[in-house]
Enquirer: 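Dumping the structure here so I can ask a few things about it.
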Amino acid sequence: MRSVDQTLDVLELLARADRPVGVTEIARSLGLSPSGVHRLLATLRERGYAAQDPATGRYTRGLQCFSLAALAASRQTLRAVADDHLRALNQATGEAVHLTVYESGHVVYIDKLESHHETAPVSRVGEQAPAHCVATGRAIIAYLPLTEIEMLIERGLQHFTDSTIADRAALLVDLQATRTRGYALNRGSWRAAVGGVAAPIRDFSGMVQASVGCCLPLERLTDEATAGLAAQTIQTAAAISEELGFVVPGAPA
């Protein structure tokens, strides 16, 4: 834990510095040994959080710092843009509503509105779910490049219930169906008694960056309910996408 604290101290010093700084200066400012600072900087540089000027040997914050900041800012923007639309979907359906983004084979819940029903699935903001198992995940991975989908499959499709899509061919068929109808459907493939529908959210470039979905007990996810939830979820995703700058090809400017 001490080394973690020290690494963060060095990173924060670089982030605040208005000019490149040397190893000795960092060591003196933080009360650390120069050799220790050099080791910490080597790790930060390897991970992209620090950059070294080859001419002077001094260090500045690396591009990875800016990448993380941009990612955090984009998620905050997404949540802010989506907020009213999520509330409207939650009010119209009465079901739990999730806003998710994709990370390395999983979706992360970045916002959630609770179900209005007594019986409802349990989930929390910040939690993850395997992308191949949940509707919000398949609504995103359906639009990944095929190479990324194959990488996800190669890492292994973990099996959770009798309905889990853990086979390559079956997953590819499901993702094609998702693209065709415009929404993903989950019927107990992660938690046996839980299902959901979800639709992709696009940014100004047309890339799918997130998804919005309704999650509910399978007993309420009848064919009729699925059709209604799907239509409302697609409409919500389209409204969020529009606010993010996405223009449907062929639509009037």
Side-chain angles (χ1 to χ4, degrees), residues 72 74-103 106-143 160-165 174 177-179 181-203 208-244 246:
S74 67
R75 289 186 177 180
Q76 286 301 106
T77 299
L78 174 60
R79 288 186 65 184
V81 167
D83 185 62
D84 286 344
H85 301 291
L86 300 182
R87 293 181 186 280
L89 180 61
N90 177 247
Q91 188 63 37
T93 65
E95 302 296 352
V97 172
H98 290 139
L99 179 66
T100 70
V101 293
Y102 178 79
E103 283 188 4
H106 291 76
V107 286
V108 181
Y109 300 112
I110 63 171
D111 206 351
K112 180 198 177 180
L113 295 177
E114 297 288 351
S115 171
H116 299 183
H117 299 274
E118 272 189 35
T119 306
V122 176
S123 60
R124 295 177 179 84
V125 172
E127 286 186 339
Q128 296 183 350
H132 69 286
C133 291
V134 293
T136 48
R138 296 204 291 268
I140 298 175
I141 62 175
Y143 298 91
F160 293 91
T161 74
D162 290 342
S163 300
T164 298
I165 301 176
D174 182 271
T178 294
R179 291 189 292 270
R181 65 190 174 217
Y183 70 92
L185 176 63
N186 163 31
R187 292 189 181 276
S189 60
W190 185 30
R191 297 169 180 167
V194 178
V197 298
I201 295 172
R202 299 177 183 270
D203 65 12
V208 173
Q209 299 291 356
S211 66
V212 58
C214 291
C215 183
L216 60 158
L218 277 182
E219 63 189 29
R220 288 205 296 272
L221 193 59
T222 62
D223 290 344
E224 182 179 358
T226 297
L229 289 171
Q232 291 169 304
T233 303
I234 290 172
Q235 183 178 13
T236 299
I240 297 170
S241 299
E242 184 178 356
E243 282 209 43
L244 291 173
F246 175 63

Enquirer: If you round to the nearest 0.5 Å, how far is CG of Asp174 from NE2 of His132?
Expert: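 Reported to 0.5 Å precision, the distance equals 11.0 Å.
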
Enquirer: I need the minimum non-hydrogen distance between Tyr143 and Arg202, along with the two atoms involved.
Expert: CE2-NH2, 3.4 Å

Enquirer: So does Ala193 get a backbone contact from the side chain of Arg191, meaning a donor-acceptor N/O pair under 3.5 Å?
Expert: no

Enquirer: Looking at Asp83, Leu89, Ile201, which hits side-chain contact (heavy atoms from CB on, under 4.5 Å) with Ile240?
Expert: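 Testing Ile240 for a side-chain contact (heavy atoms from CB on, under 4.5 Å) against Asp83, Leu89, Ile201 leaves exactly one candidate, Ile201.
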
Enquirer: Testing the basics here: between Ala237 and Val212, what is the closest heavy-atom pair and its distance to 0.1 Å?
Expert: CB-CG1, 3.7 Å

Enquirer: Closer than 3.5 angstrom, by distance alone: can the side chain of Asp111 be matched with the main-chain N or O of Val125 as a donor-acceptor pair?
Expert: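 Not at all, since once roles are kept as given, no pair shorter than 3.5 Å links the two residues.
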
Enquirer: Determine the minimum heavy-atom distance between Asp203 and Phe246, stating which atoms define it.
Expert: O-CB, 3.3 Å

Enquirer: With distance as the sole test, does Arg138 use its side chain to make a donor-acceptor pair with the main-chain N or O of Leu185 at under 3.5 Å?
Expert: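 Side chain of Arg138 to backbone of Leu185: a pair is present.
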
Enquirer: Would you check if Thr226 and Arg187 make a side-chain contact, meaning some heavy-atom pair closer than 4.5 Å?
Expert: yes

Enquirer: Look only at the side chain of Arg79 and the backbone of Leu99, and say whether a donor-acceptor pair between them is shorter than 3.5 Å.
Expert: no

Enquirer: List the steps, then state whether side-chain contact (heavy atoms from CB on, under 4.5 Å) holds for Arg124 with Tyr109.
Expert: CA-CA 7 Å; Arg124 295 177 179 84; Tyr109 300 112; over 6 Å; no

Enquirer: Would you say the side-chain atoms of Asn90 pair up with the backbone N or O of Glu95, donor to acceptor, closer than 3.5 Å?
Expert: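 The answer is yes, because a donor-acceptor pair under 3.5 Å joins these two groups.
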
Enquirer: Using the side-chain contact (heavy atoms from CB on, under 4.5 Å) rule, take Thr236 and Val97 through it: C-alpha gap first, then chi angles, then the decisive distance, then the call.
Expert: CA-CA 11 Å; Thr236 299; Val97 172; over 6 Å; no

Enquirer: Do Ser115 and Leu216 have side-chain heavy atoms sitting under 4.5 Å apart?
Expert: no

Enquirer: Could you report the tightest heavy-atom contact between Ala210 and Leu78, atom names first, then the distance?
Expert: CB-CD2, 3.6 Å

Enquirer: I'd like to know if the side chain of Asn186 and the backbone of Gly188 have a donor-acceptor N/O pair within less than 3.5 Å.
Expert: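 Yes; at least one donor-acceptor contact below 3.5 Å.
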
Enquirer: Working to the nearest 0.5 angstrom, can you tell me the gap between Gln232 CD and Thr93 OG1?
Expert: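 If we round to the nearest 0.5 Å, Gln232:CD and Thr93:OG1 are 6.0 Å apart.
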
Enquirer: Count the heavy atoms belonging to other residues, nucleotides or ligands that lie under 6.0 Å from CD of Glu243, then report whether that count exceeds 12.
Expert: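 Buried by this count: over 12 neighbours within 6.0 Å.
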
Enquirer: Which heavy atom of Ala139 sits nearest a heavy atom of Pro200, and at what distance?
Expert: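 Taking every non-hydrogen atom into account, O-CB, 3.5 Å.
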
Enquirer: Would you check, one step at a time, whether the test side-chain contact (heavy atoms from CB on, under 4.5 Å) holds for Glu127 with Lys112?
Expert: CA-CA 11 Å; Glu127 286 186 339; Lys112 180 198 177 180; over 6 Å; no

Enquirer: May I ask you to check whether over 12 heavy atoms, not counting those of Gln128, lie within 6.0 Å of atom CD?
Expert: yes

Enquirer: Is a side-chain donor or acceptor of Thr233 paired with a backbone partner of Ala230 at a separation under 3.5 angstrom?
Expert: no

Enquirer: Distance from Ile141 atom CD1 to Ser211 atom OG, nearest 0.5 Å?
Expert: 10.5 Å

Enquirer: How far apart are the C-alpha atoms of Val134 and Thr100, what are their side-chain angles, what is the distance that settles it, and do they pass the side-chain contact (heavy atoms from CB on, under 4.5 Å) test?
Expert: CA-CA 11 Å; Val134 293; Thr100 70; over 6 Å; no

Enquirer: With distance as the sole test, does Arg220 use its side chain to make a donor-acceptor pair with the main-chain N or O of Ala225 at under 3.5 Å?
Expert: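 Not confirmed, Arg220 side chain does not pair with Ala225 backbone.
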
Enquirer: Are any non-hydrogen side-chain atoms of His85 and Gln235 less than 4.5 angstrom apart?
Expert: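 Side chain of His85 against side chain of Gln235, heavy atoms only: no contact under 4.5 Å found.
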
Enquirer: Which heavy atom of Ser163 sits nearest a heavy atom of Ser189, and at what distance?
Expert: O-CB, 3.4 Å

